[in-house]
Amino acid sequence: MLPKRLDTPSLEDAYDQLAEALDAVPPDRRVLFLAKLALALANLLDDRAEFTAALEAARRDLD
């Protein structure tokens, strides 16, 4: 489990921003957009272990 750094309203705002951004991207470019976003956030995070933990958390329970 990842540590919670944002409060619930901030997480909801982030979700809304992401949803709006995804809606604005053509469907055939969404995977590229998400990859670019992940790399930009990894760069801002500046911590390989935390990025790996976030990646693993996002991968969990996709089925």
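Residue indices begin at 1 and follow the sequence shown.
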Considering only distance and modelled atom types, tabulate donor-acceptor pairs under 3.5 Å from the side chains of residues 34-45, sequence neighbours left out.
none

field: Residue list, side chain to side chain donor-acceptor pair (under 3.5 Å) with R60, at least two apart or on another chain
entry: none
Please tabulate, for the side chains in residues 10-27, all donor-acceptor contacts under 3.5 angstrom to protein atoms that are two or more places apart in sequence or on a different chain.
| residue | atom | partner | partner atom | Å |
| --- | --- | --- | --- | --- |
| S10 | OG | D7 | OD1 | 2.6 |
| D13 | OD2 | Q17 | NE2 | 2.8 |

